[in-house]
Amino acid sequence: MFISVDEIAQTIKMIQNEHLDIRTVTMGISLLDCARGNIDDTCVAVYEKICKYAKNLVPVCEGIERELGIPIVNKRISITPAALIVGNATPDECVKLAMTLEKAAVATGVNFLGGYSALVHKGFTNADRALIASIPDALQNTSRVCCSVNLATTKTGINMDAVRDMGILIKKAAEMSKDSGGSNCARLVVFANAPEDNPFMAGAFLGVGEPECVINVGVSGPGVVKCALEKVRGENFTVVAETIKKTAFKITRMGQLVAKMASERLGVEFGIVDLSLAPTPAVGDSVARILEEIGVEKCGAHGTTAALALLNDAVKKGGVMASSHVGGLSGAFIPVSEDEGMIAAVECGALSIEKLEAMTCVCSVGLDMIVVPGDTSAATISAIIADEAAIGMVNNKTTAVRIIPAPGMDIGETVEFGGLLGSGPVMPVSKYGSETFVARGGRIPAPIHSLRN
């Protein structure tokens, strides 16, 4: 890949002044060949394989950082959905696997390992049931392992039994980590239409159609887009879209370069570049501030959804010109606790869960890092998941819910998570219940437009 002197100069400026970084280099490792006759032997095979492939991941990424001067914030691993390899394990035995994954994450030096996951959009296997039941204990006994459950797709509809179960499990996981505001839930996400090559946590896993080992890169740069838009204030939306596209192109070129270097030096395949604009709690690194720069007074005001739709589309159009292998989620993330502009919008009353839900119709993921009162019922959490899954199912897009019912906390209080997870203001939920709705169970059928053959 040829990089001009001018591109290098622009990249240096974006890194130094505009919070540009590579948000994550994630190595995907297939563990399908690690299943054994018992969980102990499976754990041994899993640990050995992860350490074999990922032993040089962090040193290689650190070398690229020094060579290019480009920050690589996170080095991560994603694995085959764990439910596919646990066989007839009990929930307690599944926790053994989670602890093995934690041990492997520590040994390789990565900050997160994703893929303690189950895919149950059409129903459960016995292994799915055991692994899902183990999730609260798995989270409690680890600090780097991330969990996800895919419970809906456009082709299959929504598994409402899984929706009901996840509300209960999220409440349990929060209660087990009540001393830290329910923080275990920050490593648990519920999906509709989950992508198999997503490098971002907490939802990363390596799908069964993926290679034996692969490098996927997630780029970021909300601050870069914000600075670019400051130069075109007052211009029409065509100019705004073109400006975002050009900026996304530059950001993606950098991600493509890092991805190719990492895959070559590690001797594994290059997978995709994920174009997502992923914010951080740092001032100047916010998706909400981009939307405000486009023209809404405060994120959440009328016009916010349209602005987000423009941003998401322009990021993708610019990115696909810079890389032939774009995947993952690709677009704009709107996690509340990880975005200082979103936090400010919630605190001043401009942004509600209902408005966020509307915004998820046009952005990358869904209701992400939402903190709700600790006494929110499991049924209400399940119903929130069902609403978001319905958006994903009907619109044929990925949606997700990462929600934290903070034990003992109420509306207006703030939970401090620290690091990239930031701080979460407790948001109100509807005072009306959803118990009868959630209790029905079964499956919500796939929409008619799923029949495309």
Side-chain angles (χ1 to χ4, degrees), residues 22-36 39-65 67 72-87 94 96-117 131 138 142-148 187 194-218 255-274 325 327-328:
I22 297 295
R23 188 53 48 87
T24 180
V25 173
T26 301
M27 174 180 280
I29 303 172
S30 173
L31 300 182
L32 288 173
D33 60 346
C34 293
R36 300 290 188 269
I39 198 67
D40 292 327
D41 290 344
T42 296
C43 287
V44 170
V46 164
Y47 180 80
E48 289 178 351
K49 186 165 186 181
I50 291 173
C51 291
K52 172 186 174 183
Y53 278 98
K55 63 181 179 181
N56 293 321
L57 175 62
V58 171
V60 164
C61 288
E62 290 174 343
I64 294 171
E65 283 184 281
E67 186 174 332
I72 301 175
V73 179
N74 300 296
K75 298 84 176 174
R76 296 166 170 171
I77 294 169
S78 65
I79 61 165
T80 302
L84 298 179
I85 65 169
V86 296
C94 289
K96 284 187 179 181
L97 176 61
M99 295 172 71
T100 298
L101 296 174
E102 177 81 4
K103 181 181 174 184
V106 172
T108 55
V110 297
N111 68 319
F112 283 125
L113 188 154
Y116 196 80
S117 309
L131 186 118
T142 63
S143 62
R144 305 188 191 199
V145 172
C146 293
C147 306
S148 62
R187 292 184 284 124
E196 297 189 345
D197 54 5
N198 165 29
F200 287 100
M201 300 297 168
F205 64 84
L206 187 74
V208 294
E210 294 290 307
E212 181 75 9
C213 189
V214 65
I215 289 292
N216 296 320
V217 169
Q256 173 88 350
L257 174 62
V258 170
K260 293 193 74 172
M261 290 177 68
S263 64
E264 288 170 1
R265 295 180 184 186
L266 290 164
V268 300
E269 292 188 46
F270 158 54
I272 57 95
V273 178
D274 187 313
H325 298 288

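The two atoms that bring C213 and I29 nearest to each other are SG-CG1, 4.2 Å, heavy atoms only. Contact detail for V273 and A259: the closest heavy-atom pair is CG2-CB, 4.4 Å. The two residues L131 and A82 have their closest heavy-atom pair at CD1-CB, 3.6 Å.
From L97, atom CG reaches atom CD1 of I79 across 6.5 Å, with rounding to the nearest 0.5 Å. In this structure, CD1 on I85 lies 7.0 Å from CD1 on I39, to the nearest 0.5 angstrom. Rounding to the nearest 0.5 Å gives a distance of 9.5 Å between OG of S30 and CG of L84. Expressed to the nearest 0.5 Å, how far CD1 of I77 lies from SG of C146 amounts to 11.5 Å. E269 contributes atom CD, which lies 10.0 Å from atom NE2 of H325 (distance to the nearest 0.5 angstrom). Rounding to the nearest 0.5 Å gives a distance of 6.5 Å between CD1 of I72 and CD1 of I22.
Considering only heavy atoms from C-beta on, L57 comes within 4.5 Å of L266 through its side chain. Residues V110 and T26 form no side-chain contact, since every pair of their non-hydrogen atoms from C-beta on lies 4.5 Å or further apart. Counting only heavy atoms from C-beta outward, the side chains of Y116 and R187 never approach each other to under 4.5 Å. Put simply, the side chain of D274 does not reach to within 4.5 Å of the side chain of N216, judged on heavy atoms.
Scored by the side-chain hydrogen bond (donor to acceptor under 3.5 Å, both in side chains) test, S148 finds S117 as partners (sequence neighbours excluded). Here E264 pairs with nothing under the side-chain hydrogen bond (donor to acceptor under 3.5 Å, both in side chains) rule; sequence neighbours left out. A search for side-chain contact (heavy atoms from CB on, under 4.5 Å) contacts involving N111 returns N74, R76, not counting sequence neighbours.
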Check: residues 195-211 side-chain donor-acceptor pairs under 3.5 Å, at least two apart:
from	atom 1	to	atom 2	distance (Å)
D197	OD1	G328	N	2.9
N198	OD1	F200	N	2.8
N198	ND2	F200	O	3.2

For residues 99-109, which side-chain donor-acceptor pairs fall under 3.5 Å, sequence neighbours excluded?
from	atom 1	to	atom 2	distance (Å)
T100	OG1	K96	O	3.0
E102	OE1	S143	N	3.1
E102	OE1	R144	N	2.8
E102	OE2	S143	N	3.1
E102	OE2	S143	OG	2.8
T108	OG1	A104	O	2.9
T108	OG1	A105	O	3.3

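Pairs engaging residues 45-64 under the side-chain hydrogen bond (donor to acceptor under 3.5 Å, both in side chains) rule: D33-K49, K49-E212 [sequence neighbours left out].
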Given I50 and L113, is the side chain to side chain contact (heavy atoms under 4.5 Å, CB included) satisfied, shown in steps?
CA-CA 10 Å; I50 291 173; L113 188 154; 4.1 Å; yes

